[in-house]
Structure formats: structure tokens, C-alpha cells
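So you know, we letter chains A, B, ... as the sequences are listed, proteins then strands, and number each from 1.
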Amino acid sequence: MVLQADLAAVEEVLQFIGVFVSFSIAFVAYKGVRQTDSSSLLRLALAFVFLGLGFLVESMVGLRQVIPYLSTTAATVVVGGLLLETTGYFFLAFSHVVDVMLSKRAGAALLVFPVITLSGLQLSNILSILSFYFVMYGVVETVYSYARTRKPDTLLIAVGLSMIGLGTFFQWLSLVYQYVGVLSLLQIILQEMGLLMLFTPVLRFAVGGVKVDGAV
Amino acid sequence: MVQYRTQVKIIADVLVTARDMNTEGAGVGVTALVRKANMSYTRMSKLLSELVGSGLLLELDGEKISKYMISEKGKQFLVAYSSFQDFAQSFGLRL
């Protein structure tokens, strides 16, 4: 029982790290939107705003011992958080779809594939698998981009996204096998490690002292 | 696969051309910009008026034709473009 409470506390802390990292990336991307008017950065900012909100909402579940009202709405909060998270991953994948100019074919695949494979599953499960699908699409595109640019940061982001993808897969497993408590912790650890890898370009931005003030 | 240029990339290309070709400080003509930026004359004319309007380019009135040079704001845009391009590329995206 004590161990379970400890795990819940660790999960809570990790969720808040996720919130911080997501909003930091969204902030830098938004600065980029203001300065360059780039639609790619706008989609990236939107993706991480949704992800940050998703993590924030999901972290509320852990507060149900402090706020009793949340106990009765925990299931709704989980679905709400997952919905926001999935929307974030969708924008992440969508950025690549637009970027590679395959919007018709890939866009259709994004819509059709999950519907065919996921009918009959519960909403949370569907959202988790959708997230997994979107992230893996992002991984493929990022690896493809790395093959062109050979930029180490891009490879790091691809690895980070893979870990997030694996995390979402464990998230789905934790929903199916709810009695295996460690799955949920594994999911959060993988997602947080992945998010911290995505944080690298933001850190480089901060350390490099790039001028980000003054809109064009 | 054909890589289309985004609007931001086109703007950056025009600004870089206006900066690099303006060696004598007298500005760069539309023809030179069209050739270097690989755009049609009509599209370039429209873009140039937008860039002048937003203060990224300065229009110098010549005897026959207008010439253009990059403004301080345009130079700042290129600095921002370069750094955010790096940021976007890390995520496998193009600006």
C-alpha cells in the first residue's frame, strides 16, 4: 500500500516535469511563430500546448486524495487528459504530413487506419493507441528527416519520440491490464525521458543566447 | 521527392539575395532578385510590395526602376529565421 502511494507520488512529480517541458517547447515554438510567421512552428506550438494541458489534466487524477471531488470524476479526467494528449500527438504527426506534402494520402491514412483497427475498444484505449500511432508516424518522419540532414539533434528527437511512443504503448497496456501497477510507472518514465530528449533544442536555444525578442 | 519552398523560405531567399547582391549599396533590381530567387516577375512584384510594406525591405527610387535593399528589420528577420530553422529541423520540420 505504501509502495503504491510512493509510486503515485513519483508519477505525480514526473507528470509535472512533462507539463514543464511541454510548455517550454511550446513557448519557444510560439516565439518562432511570432518572429517568422511559420506555420510549421505554429503546429509544433499547438502540439505541445495540447500535450502540456493533457499532462496537467492527467496529473489532476493523482490529486484525488487531496481534492475528494476528483475521485468521482477521475474516469472523466483521465479521458479528458488522454484526449488532449492525443490531440497534441495528432498535431505533431500533422506537422510532418503537411511538411512532406503528402497530405492527401497520409491524411487519409491517419483517419482510416485507426478506425479499421480499433473498433470496439473503450475510449481510453482508443485514445492511447491513436497516440501511439501518431507518435510512431512522427518517429518515421523524423528519422527520414535525419537521413537527409544528418543533424544529431534530429536523431535525438527521433529517439525521444520513440520513447514517448513506447510510453503510449505501455499506457495502453496499463489500461488493459490495470492490475499491473508498474506499467503505469514505466509509461510515465519512458514518456518523461522522451520529453527530456525533446527538450534538448530548447536548452540549446537558451544556452546559445539566441535573440528571441521583437516580432517581425 | 520534390521539395516545395514554404512562404517563409521564399521570403528568406529574397532577403538573402537583397543582402548579398547589394555590394555597392545602391540596391538590387527586380530582375536580379527574380533570377536569384527563382520566381516569376508577377509573383516577385507582389512579394516585394509586401516586404516593403512590412519594413523588411527598403525601396530605393532609381531613375528608371526601383531598387531594393534589406532593412535592419530584414536582417533581424534573417537572424531569427536561421535560429528557428535550426530549431524546427531538430524536430524534423522545415520552416
Minimal non-hydrogen separation, [X] against [Y], with atom names:
X	Y	value
A/V202	B/F87	CG2-CE1, 4.0 Å
B/G92	A/S145	CA-OG, 3.2 Å
A/K151	B/D86	NZ-OD1, 2.8 Å
A/S38	B/L95	OG-CD2, 3.3 Å
A/D153	B/S90	CB-OG, 3.5 Å

Exercise for review: Compare all side-chain heavy atoms of B/F84 with those of A/V28 and state whether any distance is below 4.5 angstrom.
Suggested key: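 Yes - at least one pair of side-chain heavy atoms lies under 4.5 Å apart.
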
Check your understanding: Do A/L41 and B/F91 come within less than 4.5 Å of each other through their side chains, counting heavy atoms only?
Key ->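 They are not in contact (no side-chain heavy atoms under 4.5 Å apart), so the answer is no.
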
Please check if the number of heavy atoms outside [X] that lie under 6.0 Å from its [atom1] is greater than 12.
X	atom1	value
B/M39	CE	yes
A/F27	CZ	no
B/N22	CG	yes
A/Y30	OH	no

Review point. Can you list the residues that meet the side chain to side chain contact (heavy atoms under 4.5 Å, CB included) rule with B/S45, with sequence neighbours excluded?
Key: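 Counting only residues at least two positions away or on another chain, B/S45 forms a side chain to side chain contact (heavy atoms under 4.5 Å, CB included) with B/Y41.
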
Point to revise | Engaged part of A/A29 at the chain B interface, taking heavy atoms whose separation is under 4.5 Å | key: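 Answer is both: backbone and side chain atoms of A/A29 are under 4.5 Å from chain B.
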
Practice item. Can you tell which part of A/I25 gets under 4.5 Å to a heavy atom of chain B, answering side chain, backbone, both or neither? Key: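 It is both, since atoms from each part get that close.
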
Review point. Between the side chain of A/S40 and the main-chain N/O of B/R94, is any donor-acceptor distance below 3.5 Å?
Key: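 It does hold such a pair.
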
Practice item. Give a yes or no on whether the backbone of B/A80 and the side-chain of A/T36 come within a donor-acceptor separation of less than 3.5 Å. Key: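 Side chain of A/T36 to backbone of B/A80, a donor-acceptor pair under 3.5 Å: no, none is there.
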
Check your understanding: Which residues satisfy the ring-ring contact (aromatic ring centres under 6.0 Å, His included) test with A/F55, sequence neighbours excluded?
Key ->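 None.
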
